[in-house]
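Just so you know, these numbers come straight off a predicted model, no measurement behind them.
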Amino acid sequence: MGKNLTKRSEDYSKWYNELVVKADLAENSAVRGCMVIKPYGFAIWEKMQAELDKMFKETGHENAYFPLFVPKSLFEAEEKNAEGFAKECAVVTHYRLKTDPENPSKLIVDPKAKLEEELIVRPTSEAIIWNTYKGWIQSYRDLPLLINQWANVVRWEMRTRLFLRTAEFLWQEGHTAHATKQEALDEAELMNNVYATFVENFLAVPVIKGLKTESERFAGADETFCIEALMQDGKALQAGTSHFLGQNFAKAFDVKFTTNQGKQDHVWATSWGVSTRLMGALIMTHSDDQGLVLPPNLAPYQVVIVPIYKGEEQLAAISQVANEIVDDLRLHGVTVKFDNRDTHKPGWKFNEYELKGVPLRIGIGPKDLEKRTVELARRDTLTKEFVAKEDVVNTVTNLLKEIQANLYNKAKEYRDTHITEVSNFDEFKDVLESKGGFISAHWDGTPETEDKIKELTKATIRCIPLDTPLEDGVCVYTGAPSTRRVLFAKAY
C-alpha cells in the first residue's frame, strides 16, 4: 500500500488533506462542501461520542432530539443569534418538485408549492429548543433542565476542509435552563471542564481553558468559555465551547418560571457543543509523515496481528497462536484485529496499519512459533521489540497506557514551547511569522484594537486564559494600560 504522503514540512495543508483520504477517514461527496465519513473515521467518532455521552450522563444530562427545520420567525426571535448565523443559513422555500413541461426528463420547483413560512435548516438549535422549553418549564420544580442532543447541523461555508470546516457536520449540543444566574454560569464552566478532561484524556491533546472576547463570543451569549489547542503547524484550533446565554433566549421566547417565593422570572440558560472538528484536532496533533498516529483510547482497534507465513500449514499454526492472543487481549479489554487476509502480503499490511495509526502491531512468523515470541511494533515511536508469548498481555496493556501518555506529553511539550510572551508589536509580528504558536501579549480590551491586529496579522485572540494572573502592562499595539495577558494565534 503506497502512502506517498506530502511531507508536513513541505505543505502541511496538503499533507492533512491527503492523510484524511488515504487513511480512509473521509472523502468529499457529490454535495459541495459536504463529506462522507467512512467506516474507519466513523468508528473513531463513535468512540468519541460514547465517551462524551457517558460524561454528560454522569453530570446529570439527558438526551433528546429536536427538528432539523426551524421556522424563520422563531429563528429571528433572538436577534444577535439570528444576525450571527444569517450568512451561513440554508433556507427551504418549497415543498414539492414537478416535471418540467418543456423537458419531461427534468424536475423543477413547483411554484404552487411555496411554503407559507420559510424554514431554516438548523445551523444551531437554540431557537427551536427554547420555543419548546416554553411548554416544559412553569415552576422552579422543573429546573434545572439539562438536555443534550446528538445531531447534524448545516452552516453554508464557502471554504471547506474535511472535518475542520464542512457545510454539514455532526455534533452534540447541550441546552440547559436554570433558576439562577450563578447556576447557569457554573453549568457553562462545568461543561467546559468536561470537554477539557475528555480532549486531554482521550484525544491526548493538551488544551488551554479560557474565555472568548466579546467579538469572538457565540452570537447571543453573554459569556463564552472555550478550550484551545495548538496544532503541529503552530496554528490554534478551537476544540470546544460552552456558552452562558444569560436570559437572552428566555426573554426572546418568554420562558418564565414561578420561583419558590411565588414570583415570575425568566430562566437562565447555557448551550455547549463539540463537533466532528475534534477529528481534525486528533489528526493534526499527533500524526506524522508516515500517516495517522492514534491514541489508544480512541483507536478503533488498539492492536493488529499480522501473520507472516508461506503456505496453509504455516498459516494454520500461526492462526492458532494468534487467536489465543486475541482471546487473551479481549479478556483484558483490549480491542484487537487479526488480519489473516490472503489477498495482501505482510509488508502491504504493515504499511496500511502504519498509515491508519494503529497503536500496536504484532507480527508472528514461523521463527516466532519456534521461539514462542512475537514481534511488537509501536506506532508512536516506530520502535520494535520481541516479547515472549506469555508476556504479551501484560506488555500490551502497559504499552497502551505508555503510548497514550507519551502522545499527550509530546503534544504538551510542543504546545508549552510555543507559548511566547512578547512586549511590543514588532516582536509580536516576528514571533508570529518565524515561530507561530500562541503569543501571550497585553491587550487594551477594545474590539477596535483586536480588529486592527487581526487585519494586520491575521492573528486573533484565541482566549483570555482562566488561570492567567493579573499583571500591569501596556497593550502590545496601542500602548494603553492593560491588566492581563491574552493569547493570540493564527487559527483554523
I'd like to know if E228 and K209 make a salt bridge, using a cut-off of under 4.0 Å between side-chain N and carboxylate O. no

Where do D289 and K7 land on the salt bridge (charged side-chain N to carboxylate O under 4.0 Å, His left out) test, with the steps shown first? CA-CA 6 Å; D289 291 344; K7 284 189 165 41; 5.0 Å; no

Mind checking whether F198 and E51 have side chains closer than 4.5 Å, heavy atoms only? yes

Short side-chain to backbone donor-acceptor contact, E18 and T6, under 3.5 Å: yes

Heavy-atom side-chain contact between V486 and C463 under 4.5 Å: no

Donor-acceptor pair, side chain of Q232 and main chain of S287, under 3.5 angstrom: yes

Indicate yes or no for a side-chain donor-acceptor contact from D430 to the backbone of D426 under 3.5 Å, with no hydrogens or angles considered. no

Take a 6.0 Å sphere around CD of Q320 and say whether it holds more than 12 heavy atoms from other residues, nucleotides or ligands. no

Ignoring hydrogens and geometry beyond distance, is a side-chain donor-acceptor pair present between W272 and N148 at under 3.5 Å? no

Reported CZ-to-CG distance for the pair F244 and L211, which is rounded to 0.5 angstrom: 12.0 Å

Can a side-chain donor-acceptor contact be found between Y16 and D11 if the only test is distance below 3.5 angstrom? no

Ignoring hydrogens, what is the shortest heavy-atom contact between V205 and A229? Give both atom names and the distance. CG1-CB, 3.6 Å

Tell me whether R361 forms a cation-pi arrangement with F350, defined as NZ or CZ under 6.0 Å from the six-membered ring centre and within 45 degrees of its axis. yes

So does K57 get a backbone contact from the side chain of H61, meaning a donor-acceptor N/O pair under 3.5 Å? no

Answer yes or no: does atom CD of E312 have more than 12 heavy-atom neighbours from other residues, nucleotides or ligands under 6.0 Å? no

List the atom pairs, donor and acceptor, that lie under 3.5 Å between side-chain atoms in residues 292-309 and the rest of the protein, sequence neighbours left out.
unit_1, atom_1, unit_2, atom_2, d
N297, ND2, N201, O, 2.9
Q302, OE1, T335, N, 2.9
Q302, OE1, T335, OG1, 3.4
Q302, NE2, P296, O, 3.0

Determine the minimum heavy-atom distance between L360 and R378, stating which atoms define it. CD2-CG, 3.7 Å

Step by step, work out the side chain to side chain donor-acceptor pair (under 3.5 Å) result for K429 and T457. CA-CA 7 Å; K429 289 184 288 187; T457 67; over 6 Å; no

Sorted by chain and number, sequence neighbours left out, ring-ring contact (aromatic ring centres under 6.0 Å, His included) with W443 holds for none

When the side chains of residues 35-46 are checked against the rest of the protein, which donor-acceptor pairs come out under 3.5 Å, sequence neighbours left out?
unit_1, atom_1, unit_2, atom_2, d
K38, NZ, D24, OD1, 2.8
Y40, OH, K356, O, 2.8

Could you verify whether a donor N or O on one side chain and an acceptor N or O on the other, from N81 and E126, lie under 3.5 Å apart? no

Whether W15 and Y12 hold their rings parallel, tilted or perpendicular, with breakpoints at 30° and 60°: tilted

Does a salt bridge link K212 with E223, judged by any charged N lying under 4.0 Å from a carboxylate O? no

Is there a side chain to side chain donor-acceptor pair (under 3.5 Å) between S271 and E173 once you walk through the steps? CA-CA 7 Å; S271 66; E173 48 182 323; over 6 Å; no

What verdict does the side chain to side chain donor-acceptor pair (under 3.5 Å) test give for S482 and D444, after you've listed the backbone C-alpha separation in whole Å, the side-chain angles of each residue and the deciding distance to 0.1 Å? CA-CA 5 Å; S482 161; D444 62 17; over 6 Å; no

Do H418 and K435 touch side chain to side chain, with heavy atoms closer than 4.5 Å? yes

Heavy-atom closest pair (S423 atom, V476 atom, distance to 0.1 Å) is C-CG2, 4.2 Å

Is it true that the side chains of T224 and H243 contain a donor and an acceptor less than 3.5 Å apart? yes

Donor-acceptor check, side chain of S275 to backbone of R277, threshold 3.5 angstrom: yes or no? yes

All heavy atoms of P359 vs all of L400, minimum pair found to be CB-CD2, 4.2 Å

Could you tell me which non-hydrogen atom of V194 sits nearest to which non-hydrogen atom of M55, and how far apart they are? O-CE, 3.6 Å

Between L162 and E27, is any pair of side-chain heavy atoms under 4.5 Å apart? no

Mark yes or no for whether T166, through its side chain, and F163, through its backbone, hold a donor-acceptor pair below 3.5 Å. no

Is it the case that the side chain of R122 and the backbone of V154 share a donor-acceptor pair, with hydrogens and angles ignored and the cut-off at 3.5 Å? no

Looking at K410, I want to see if its NZ is surrounded by more than 12 non-hydrogen atoms of other residues, nucleotides or ligands under 6.0 Å. no

Counting only heavy atoms not in H332 (residues, nucleotides, ligands), do more than 12 fall under 6.0 Å from its NE2? no

Can you measure from CG (L25) to CG (L19) and round to the nearest 0.5 angstrom? 6.5 Å

Check: I362 main-chain N/O paired with E375 side-chain donor or acceptor under 3.5 Å: no

Has the side chain of Q404 got a donor or acceptor atom that lies under 3.5 Å from a matching backbone atom of F202? yes

Sequence neighbours excluded, which residues qualify as side chain to side chain donor-acceptor pair (under 3.5 Å) partners of T373? D368

Salt bridge check: are K452 and E455 linked by an N-O gap of less than 4.0 Å? yes

For residues 482-492, which residue pairs qualify under salt bridge (Lys or Arg N to Asp or Glu O under 4.0 Å), counting only residues two or more places apart or in two chains? E421-R485, E433-K490, E471-R485

Between I461 and L487, is any pair of side-chain heavy atoms under 4.5 Å apart? no

Distance flag, aromatic centroids of F488 and F428, threshold under 6.0 Å: yes

Could you check whether atom NZ of K454 has more than 12 heavy atoms from other residues, nucleotides or ligands sitting under 6.0 Å from it? no

Heavy-atom check, side chain of F225 versus side chain of M191, under 4.5 Å: no

Heavy atoms of L407 and H286 approach each other most closely as O-CE1, 3.7 Å

Would T270 and T176 count as having a side-chain donor-acceptor pair, cut-off 3.5 Å? yes

Near W156 CH2, under 6.0 Å, is it more than 12 heavy atoms from other residues, nucleotides or ligands? no

State, with a plain yes or no, whether a side-chain heavy atom of P447 is found less than 4.5 Å away from one of E214. no

More than 12 heavy atoms of other residues, nucleotides or ligands under 6.0 Å from CD of E385: yes or no? yes

Please identify each residue that fulfils side chain to side chain contact (heavy atoms under 4.5 Å, CB included) with Q290, with sequence neighbours left out. K3, D288, E354, R379, L382

Ring centers of F85, F218 separated by less than 6.0 Å: yes

Whether Y195 side chain and G273 backbone form a donor-acceptor pair below 3.5 Å: yes

Atom CD of residue position E324 - does it have more than 12 heavy atoms of other residues, nucleotides or ligands inside 6.0 Å? yes

Does R161 form a side chain to side chain donor-acceptor pair (under 3.5 Å) with S13? I'd like the steps, not just the answer. CA-CA 9 Å; R161 187 181 295 182; S13 179; 3.0 Å; yes

Side-chain contact, heavy-atom cut-off 4.5 Å: Q238 with T241? yes

